[in-house]
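Worksheet: one structure, shown below.
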Amino acid sequence: METGLLDELNEAQKEAVLQTEGPVMVMAGAGSGKTKVLTHRIAYLLLEKQVPLDAILAVTFTNKAAAEMKQRVQNLVGENTMWMWISTFHSFCARFLRREIHLLPPYTSNFGILDEEDSLKVVKDIVKEEQIDDFKPKTFRNLISKVKNFPQYKSSNLPLWNRYLRVSQRYQQRLAESNLLDFDDLLVKTLDILKKDPMVLNHYQNKFRYILVDEFQDTNDLQYELIQKLANAHQNVFVVGDDCQSIYSFRGANIKNIELFQKDFPKFRLVKLERNYRSTTQILDVANELIRKNPNQIPKTLYSSNTHGVLPFYYAADSSYEEVMFVIDKIRQLHLAGDSYRDFAIIYRANYISRNFEELLIRYQIPYKIYGALSFYSRKEIKDMLAYIKVMISPEDQISFRRIINEPKRKIGPMLVERLQEYAYETHQTLLEAIPTFPKKGQGSEALKNFYDMIHSVKAQLENIELKNLIDVLLEETGYKEMLMSEEDQDRLNNIYELKGVFKEIDEFYEGTPLEKLSGFMQDLALRTDMDDETEEDSVCLTTYHQAKGLEFKTVFMVAMEEGIFPSEGFNDVDMEEERRVCYVGVTRAKERLFLTSANRRLLFGTYQQMAPSRFLKELFAQKGKPKEKSWEKSAPLAVSKPSSHEEIRVGDKITHKMFGDGLVIQKDGNVIQVAFKMPVGIKKLLADHPSIVKKKDSQKD
DNA sequence: AGAAGATAGCTTTTT
DNA sequence: GCTATCTTCT
């Protein structure tokens with residue numbers, strides 16, 4: 001058992017695991033087993049060094065990565081890792097702040113976390129109130145974030161800067177009033193406390209005797225400072241990264257942190273992992289070739305023992321339509337040959353490229369999943385329901401209050417809310433508390449009173465019902481159900497019913513009174529983005545390069561490899577190096593097969609444009625020349641049914657449905673047609689002559 | 001409050 | 001060309 005832990009590791013990996021004391025930097029190439037090293041190191045510390053579970057801190061960037069790390073450690077040590085400090089930077093900070101934020105009054109430990117959308121809403125309100133119309137709310141929102149991440153930053157645009165100072169001050173004030181933090185605040189406030197309170201810093205320095213950082217190349221200045229501070233006392237800090245996969249500088253990731261680490265922790269030991277266990281030699285060859293073109297990159301060559309692969313294949317399509325058909329053709333061939341749909345990824349530089357593919361994937365009934373599509377918890381109806389709950393558990397949360405006070409419509413307009421706000425402010429009450437004594441002025445006060453009673457009625461019922469039934473109560477009492485029924489919006493209603501399952505779990509998983517359970521869930525929810533509930537469906541993955549990082553697929557299609565799209569326009573040399581790394585990330589996702597495609601003509605922003613192949617194509621194939629593989633020669637395009645010009649609806653037609661939007665007719669049986677709509681609607685059976693259906697002309701592209 | 005019309009903006013965005 | 005958001009009108 002003890003030996004087994006190290007048996008699975010190669011020499012370099014072993015070194016990284018065994019060097020437990022002192023600073024260690026691991027340069028881990030793509031697919032070189034960095035998660036394995038991280039998890040084995042944690043397991044080694046726990047099992048061999050008898051380090052207590054809560055003396056280890058491991059941080060990464062995504063929930064997914066954190067969850068995987070936790071699970072794999074659990075598998076290795078056979079102990080429950082649920083309460084270990086293995087988390088994202090942000091949830092580490094949230095957990096820290098739940099304990100310590102009382103040091104920054106008026107904040108209290110049950111603070112809420114604002115997502116990007118809500119945060120922008122707050123800024124919008126302020127911009128409106130300040131009657132600023134020469135700059136957009138988004139500009140301020142971006143600036144607020146920028147200054148939080150780079151405190152020394154000042155805009156050279158003076159009018160903007162002056163307005164910014166006012167807006168940001170009010171923004172922070174409003175958040176503090178509502179006991180809310182935005183994502184950046186989690187890091188900022190954590191550092192504030194560690195900097196101003198040496199006792200607290202000391203406590204956490206002693207507590208976390210071993211610190212591990214994943215994806216170190218992606219850390220920004222704040223994240224680096226956090227790690228540096230916590231590790232400074234004991235110096236047992238272990239960072240894993242790959243400078244070749246640094247693709248988030250536009251978001252503040254600072255690759256200089258690699259040098260900074262070497263300066264701050266001069267006794268560091270460097271370990272290089274260059275052996276790749278993911279891809280074939282043929283794929284790694286082009287990846288290595290590409291990254292060599294970056295003058296400022298630390299030289300690194302990935303190698304693999306899987307030398308019997310096939311060469312990457314470049315397909316230069318005439319049109320974007322032809323490009324899509326090539327990809328679909330290949331997927332169908334390989335699927336017939338036994339590959340699962342989940343073995344394929346279509347990767348692109350910008351999200352809008354996915355549209356080209358969606359339509360035809362539906363037409364050919366190839367299941368697909370778009371990464372980064374609107375996640376469940378960011379749907380309006382879900383956020384509304386949760387806002388009702390937040391108003392019940394934290395009455396001081398003005399942002400949630402404002403979100404649902406007139407949703408559904410209760411004749412409580414912005415003017416009335418503004419007056420209530422002023423009154424609440426004068427009397428030092430929350431918006432909700434202020435309602436009963438709010439001086440009556442016309443019919444609006446009646447509506448407010450009803451709202452107040454409704455919230456309290458639901459709150460009272462909460463004690464006596466199962467949590468999963470709360471959804472029904474909310475839907476009824478808030479009038480939300482009535483609203484959706486009258487709009488015939490069954491989809492949204494169904495989405496809300498999905499929450500029932502979630503609430504059933506909350507009931508079982510969380511402790512305390514129903515209100516406490518909900519409160520606990522809400523605190524966790526804000527940092528849980530999309531599909532932690534990773535569905536194991538068998539579908540082709542459509543994704544950007546950025547979101548593909550960390551994933552791997554048997555077959556990868558890198559599409560729209562054209563100048564202006566990838567790389568995009570207007571880059572300087574430094575940007576171009578990062579762009580090249582984005583390409584590198586794409587190539588290194590592929591395990592066995594890599595296809596690169598470009599189109600001569602592409603339908604872009606309404607018109608066909610002449611495109612030139614991406615410079616990266618030449619760079620990738622500089623050594624090998626243009627590769628040719630017989631088995632992948634272009635095959636005849638699959639038959640596509642042509643639409644008729646009659647009004648009669650036929651297979652292949654594009655239609656528009658009143659409720660489901662645009663769809664494609666994929667089957668016809670008498671008057672019954674099957675129509676494929678965009679996800680999440682999917683395939684529906686409908687009557688061809690139904691009045692909701694309008695046939696679109698010009699169904700055929702290209 | 002809701003419909004109709006005008007306008008912008010199309011890179012990436014782990015939290 | 002499409003879509004999301006803002007303005008203007010009823």
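A, B, ... follow the sequence lines: proteins, then strands. Residue 1 opens every chain.
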Just call it for A/Lys124: base, sugar-phosphate, or nothing, with non-hydrogen atoms closer than 4.0 Å on any strand.
-> sugar-phosphate

Taking CG from A/Asn63 and C1' from B/dT14, how many angstroms apart are they, rounded to a whole number?
-> 9 Å

Going by a 90° cut-off around 0, is B/dT11 syn or anti?
-> syn

For nucleotides B/dT12 and C/dT5, find the distance between their P atoms and express it as a whole number of Å.
-> 15 Å

Rounded distance in Å between the C1' positions of B/dT14 and C/dT3 | 26 Å

Any ion pair linking A/Glu446 and A/Lys411 (charged N to carboxylate O, less than 4.0 Å)?
-> no

Cation-aromatic face contact A/Arg98/A/Phe111, 6.0 Å, 45 degrees = yes

For A/Leu186 and B/dT14, give me the distance from atom CG to atom P, rounded to whole Å.
-> 15 Å

Residue whose nearest DNA chain B nucleotide is more 5′ - A/Gly413 or A/Glu116 = A/Gly413

Are A/Glu407 and A/Lys380 ion-paired here, with the side-chain N under 4.0 Å from a carboxylate O?
-> yes

May I have the distance from A/Asp125 (atom CG) to C/dC6 (atom P), rounded to whole angstrom?
-> 12 Å

Summarise protein proximity over nucleotides 8-13 of chain B in one line of letters, 5' to 3': B for base, S for sugar-phosphate only, - for none, counting protein heavy atoms closer than 4.0 Å.
-> -SBBBB

Starting from C1' on C/dT5, measure out to NZ on A/Lys121 and report it in whole angstrom.
-> 13 Å

Here the distance between atom C1' of B/dG2 and atom CE of A/Met483, to the nearest Å, is 14 Å

Starting at CG of A/Asn149 and ending at P of B/dT14, how long is that distance when rounded to a whole Å?
-> 14 Å

Kindly write out the residues that satisfy salt bridge (Lys or Arg N to Asp or Glu O under 4.0 Å) with A/Arg589, not counting sequence neighbours, or none if the list is empty.
-> none

With a non-hydrogen cut-off below 4.0 angstrom, is A/Glu215 in contact with a base, only sugar-phosphate, or nothing?
-> nothing

Is the shortest distance from a Lys or Arg side-chain nitrogen in A/Arg581 or A/Glu578 to a carboxylate oxygen in the other one below 4.0 Å?
-> yes

So what does A/Asn406 touch, heavy atoms closer than 4.0 Å: a base, only the sugar-phosphate, or nothing?
-> sugar-phosphate

Do NZ/NE/NH1/NH2 and the carboxylate oxygens of A/Lys34 and A/Asp242 come within less than 4.0 Å?
-> no

Atom-to-atom span, CZ of A/Arg95 to C1' of B/dT15 - whole angstrom = 17 Å

Go through the structure and list residues passing ring pair (Phe, Tyr, Trp, His ring centres under 6.0 Å) with A/Tyr107, not counting sequence neighbours.
-> none

For nucleotides B/dT11 and C/dC6, find the distance between their C1' atoms and express it as a whole number of Å.
-> 24 Å

Between B/dT15 (P) and A/Glu117 (CD): distance, integer Å = 16 Å

Assign A/Lys409 to base, sugar-phosphate, or nothing according to its heavy-atom contacts below 4.0 angstrom with the strands shown.
-> sugar-phosphate

